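Convention: sequence-line order gives letters A, B, ...; per-chain numbering from 1. Given the structure is predicted, the values throughout are model-derived calculations rather than measurements.
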There are 2 protein chains.
Amino acid sequence: MPTPNRTTNEEVVAAAQEVLEGAGPGGLTMQAVAARVGVRAPSLYKRFHDRDALLSAVVTATIDELGARLEEAALDLRGLAHAYRAFAHERPEAFRLVFTPYAEEGALRRSSAPVLRAAAELVGEEDALPAARLFTAWATGFLQMELAGAFRLGGSVDEAFDYGLERLRAGLTAPRG
Amino acid sequence: MPTPNRTTNEEVVAAAQEVLEGAGPGGLTMQAVAARVGVRAPSLYKRFHDRDALLSAVVTATIDELGARLEEAALDLRGLAHAYRAFAHERPEAFRLVFTPYAEEGALRRSSAPVLRAAAELVGEEDALPAARLFTAWATGFLQMELAGAFRLGGSVDEAFDYGLERLRAGLTAPRG
DNA sequence: ACCTGAACACCGTTCAAGT
DNA sequence: ACCTGAACACCGTTCAAGT
């Protein structure tokens with residue numbers, strides 16, 4: 001007897017994102033996610049092979065949402081940097097997982113498009129890829145450190161972010177040595 | 001009847017580091033660590049309050065070892081960058097945990113000394129702190145991305161690293177705008 | 001004093017049985 | 001077809017009992 005689905009993959013991923021943000025990666029259990037969508041844990045295995053696969057889907061969704069934010073906000077590297085930081089502050093737990101082996105290549109490529117575009121605008125097409133990687137690496141590392149509390153040593157974190165952004169822009173536009 | 005200790009905190013941390021590198025964070029179980037030092041899991045609770053405390057000790061030891069490497073290798077930012085990257089390649093699992101909430105403030109401060117020194121050399125004392133943060137954020141983010149496989153999109157990773165390092169140095173020494 | 005077996009709670013995962 | 005209770009393996013953690 002066919003019975004209608006009681007939930008969807010999208011709903012499960014959304015529930016998992018909420019659990020993750022509320023309880024951290026350790027609190028992201030199959031039971032907690034299942035309870036939030038109104039089923040029992042074993043039902044989730046019909047949709048995702050195991051917890052790792054669900055986590056991977058969560059990270060992919062997060063990267064796509066980050067990419068959409070960057071597309072909206074973004075014209076130049078300054079706008080991208082602040083949109084990036086705002087996203088990390090809103091969704092710290094999810095952001096922490098973006099650059100882990102859970103991330104899928106396709107999602108990373110999609111979300112890198114606006115950064116590549118802004119980088120090409122600033123340094124030209126030939127250097128757009130390494131320039132985008134410089135920018136993304138800096139922003140990622142800065143936020144990782146900020147979220148980890150690595151900036152307790154003193155000084156203004158906001159100022160360090162703006163300083164980094166301006167020096168980085170200066171380096172990208174400086175004449176080649 | 002007093003009995004001699006069958007292991008030491010240092011030995012436990014060293015064992016945990018080996019387990020971590022060999023089996024990843026998921027494989028770092030109290031049983032695996034205990035077996036490696038020749039005791040049973042419950043004995044570890046005499047030395048570390050819980051698994052999180054052991055993980056924190058592992059991260060602290062890792063940061064101190066990284067700091068020692070940087071002290072050896074390091075004169076300028078170029079030397080530091082390559083020492084940093086070599087360490088991340090040798091100990092990827094441990095490196096991934098350096099900028100997480102497991103890291104203790106003291107360890108982070110100790111290991112940042114050589115970077116601060118090199119940054120001061122390049123940009124002067126006043127800007128040494130934000131300059132060091134720019135450098136560390138870039139290197140951290142780059143390696144995080146490299147270890148996560150985020151550079152599968154094409155292009156040479158080595159070249160992107162050198163490009164980033166040179167543009168970053170150029171930005172730090174460029175005249176203020 | 002330190003160590004351990006036994007026990008408990010909790011989680012991931014499987015699967016036969018329900019509808 | 002989808003869902004679930006029951007079961008199993010595994011892990012973190014506690015603690016009374018051993019030496």
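The listed nucleotides are C:dT4, C:dC11, D:dC2; the one nearest the side chain of A:Gln31 is C:dC11. With D:dG12, C:dG5, C:dT14 as the choices, the nucleotide that has an atom nearest any side-chain atom of B:Tyr45 turns out to be D:dG12. Set against D:dC11, C:dT14, D:dC2, the side chain of B:Thr29 has D:dC11 as its closest nucleotide. Taking the side chain of A:Lys46 as heavy atoms from C-beta on, and the options D:dC3, C:dG12, C:dT4, the nearest nucleotide is D:dC3. With C:dC3, C:dT13, D:dG12 as the candidates, the nucleotide lying closest to the side chain of B:Arg6 is C:dC3. Side-chain proximity of B:Pro42 to the nucleotides D:dC2, D:dT14, C:dC11 is greatest for D:dT14. Here the side chain of B:Thr3 is nearest to one of D:dT19, C:dT4, D:dT4, namely D:dT19.
One can place CG of B:Asp52 at 14 Å from C1' of D:dC11, the figure rounded to the nearest angstrom. When the C1' atom of C:dT14 is taken as reference, atom NE2 of A:His49 falls 11 Å away, rounded to whole Å. Straight-line distance from the CG atom of A:Leu55 to the P atom of C:dG12: 10 Å, rounded to whole Å. Regarding B:Arg47, its CZ atom lies at a distance of 11 Å from the P atom of C:dT4, rounded to whole Å. The distance from atom CE of B:Met30 to atom P of D:dT13 is 6 Å, rounded to the nearest whole Å. In this structure, CG of A:Asn9 is placed 11 Å from P of D:dC2, rounded to the nearest angstrom. The CG atom of A:Leu44 sits 9 Å away from the P atom of D:dC3 (whole-angstrom rounding).
Partner of B:Phe161 under the ring-ring contact (aromatic ring centres under 6.0 Å, His included) criterion, chosen from B:Phe151, B:Tyr84, B:Trp138: B:Trp138.
Without hydrogens or angle criteria, B:Arg133 side chain to A:Tyr163 main chain gives no donor-acceptor distance under 3.5 Å. Distance alone, capped at 3.5 Å, is enough to place a donor-acceptor pair between the B:Glu21 side chain and the B:Glu93 backbone.
The line from CG of A:Leu66 to CD of A:Glu71 is 10.5 Å long, rounded to the nearest 0.5 Å.
Considering only side-chain N and O atoms, B:Arg40 lies nowhere under 4.0 angstrom from the phosphate OP1 or OP2 of C:dC3.
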